[in-house]
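From a predicted model like this one, the values you see are computed outputs, not experimental measurements.
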Amino acid sequence: MSTGTDTTVAALAGLAPPADEAPAVRKPAPAPAPATPTPAPAVPRAASAGRLGRLLRAAGLRSAAILALLALWETAPRLGLVDAIFLPPVSEVAEAWWELLADGQLGEHTGASLIRSLGGFGIAVVLAVPLGLLIGWYRPVAALLGPLLEVFRNTAALALLPVFVLLLGIGETSKVSIVVYACVWPILLNTISAVGNADPTLVKLARSMDLSTPRLFQKVILPASVPAIFTGIRLAGAVSILVLVAAEMIGAKAGLGYLINASQYNFAIPQMYAGIVTISAIGVAFNQLLVTIERRLSLWRVPA
């Protein structure tokens with residue numbers, strides 16, 4: 001009995017590790033940490049939202065006065081504050097405007113006016129800008145033409161309309177010519193003033209660098225004159241439409257001025273206001289186009 005027990009004990013003693021060599025405990029491998037999703041950048045989104053908010057606020061501020069005017073125009077005739085026959089609500093004017101557009105009359109009259117107005121305006125720019133640069137740069141030319149300019153600049157274009165009609169007839173030539181005459185003066189006078197008021201420090205600096213006169217004019221005088229020249233061009237753009245409308249009321253068979261005049265005689269008051277609104281919209285769009293061109297040509301300027 002003891003022999004078997006000893007044998008078993010010896011066998012177990014042979015298999016068991018020594019007392020000083022305890023079996024190593026295998027620790028389980030640590031589980032990999034879950035991947036933390038990268039948060040989306042919030043700063044650009046917040047910046048774009050802020051920019052959108054500023055644009056909406058600016059648009060709302062700019063359109064508030066227009067919306068208030070339209071609301072007053074709509075409600076005043078309906079409440080009896082003004083005679084609805086002579087000032088119909090803006091909704092009736094909009095309906096009349098759409099009818100004129102649908103039957104092609106508005107497009108025909110607008111096209112005729114734009115051709116005359118843009119033609120006269122373009123001729124005035126081509127004539128007045130070089131002449132204004134010449135007069136503003138060369139003092140003898142300014143002294144020679146100054147008195148003549150003072151006489152004609154104080155003569156209203158509409159006062160000369162009968163003269164243009166008598167000399168050139170009631171056709172397209174007289175209408176385009178009166179537009180040219182009316183548009184020349186704002187461009188010419190602003191161009192002369194722009195050249196004469198060039199920064200003398202820049203001129204002296206350019207002369208100290210031994211720039212020739214053509215280079216001085218190209219690099220200093222002409223760029224510095226761009227803002228004032230475009231001010232005159234924008235004024236001329238508004239004048240070209242206003243003077244043309246008055247000219248079209250005399251002897252024209254097409255054009256927005258003719259549409260307004262004919263609507264008044266036929267007592268089609270909503271159509272008359274539709275023509276007036278169209279002229280205003282064209283003026284605003286044309287002015288915005290000129291502002292955009294001015295900004296393109298003035299990219300070199302350092303903002304204040």
Test log, rule side chain to side chain contact (heavy atoms under 4.5 Å, CB included), inputs Val277 and Val90: CA-CA 10 Å; Val277 170; Val90 68; over 6 Å; no
Ignoring hydrogens and angles, tell me if any N or O in the side chain of [X] forms a donor-acceptor pair with the backbone of [Y] under 3.5 Å.
X	Y	result
Thr173	Leu168	no
Asn190	Pro186	yes
Gln271	Ala96	no

>> Please determine whether side chain to side chain contact (heavy atoms under 4.5 Å, CB included) holds for the pair Tyr181 and Thr155, giving the CA-CA distance in whole Å, both sets of side-chain angles, and the decisive distance to 0.1 Å.
In response: CA-CA 10 Å; Tyr181 179 85; Thr155 305; 3.8 Å; yes
Qualifying residues under ring-ring contact (aromatic ring centres under 6.0 Å, His included), relative to Tyr258, sequence neighbours excluded =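 Tyr258 satisfies ring-ring contact (aromatic ring centres under 6.0 Å, His included) with His109 once adjacent residues are dropped.
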How would you list, by chain and number, every residue that makes a ring-ring contact (aromatic ring centres under 6.0 Å, His included) with Trp97, sequence neighbours excluded?
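Here no residue qualifies.
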Nearest heavy-atom contact between Pro147 and Leu144 is CD-O, 3.8 Å
Sorted by chain and residue number, the side chain to side chain donor-acceptor pair (under 3.5 Å) partners of Arg153 (sequence neighbours excluded) come out as Glu150
Walk me through whether Ile276 and Leu256 qualify under side chain to side chain contact (heavy atoms under 4.5 Å, CB included). CA-CA 8 Å; Ile276 295 173; Leu256 292 174; over 6 Å; no
Quiz item: Given the rule in the side chain to side chain contact (heavy atoms under 4.5 Å, CB included) test, do Trp73 and Leu87 qualify, once you have shown the distances and angles that lead to the verdict?
Solution: CA-CA 8 Å; Trp73 189 354; Leu87 183 63; 3.5 Å; yes
Identify every side-chain donor-acceptor pair in residues 261-270 under 3.5 Å, counting partners at least two apart or on other chains, and give the distances.
from   : atom 1 : to     : atom 2 : distance (Å)
Asn261 : ND2    : Met249 : O      : 3.4
Ser263 : OG     : Leu259 : O      : 2.7
Asn266 : ND2    : Ala262 : O      : 3.1

Considering only residues two or more places apart or on different chains, which pairs with a residue in residues 266-280 satisfy salt bridge (Lys or Arg N to Asp or Glu O under 4.0 Å)?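 Listed by first then second residue: nothing to list.
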Side-chain donor/acceptor pairs under 3.5 Å, residues 114-128, sequence neighbours excluded:
from   : atom 1 : to     : atom 2 : distance (Å)
Arg116 : NE     : Glu172 : OE1    : 2.7
Arg116 : NE     : Glu172 : OE2    : 3.4
Arg116 : NH1    : Glu248 : OE2    : 2.7
Arg116 : NH1    : Ala254 : O      : 2.8
Arg116 : NH2    : Glu172 : OE2    : 2.8
Ser117 : OG     : Ser240 : OG     : 3.2

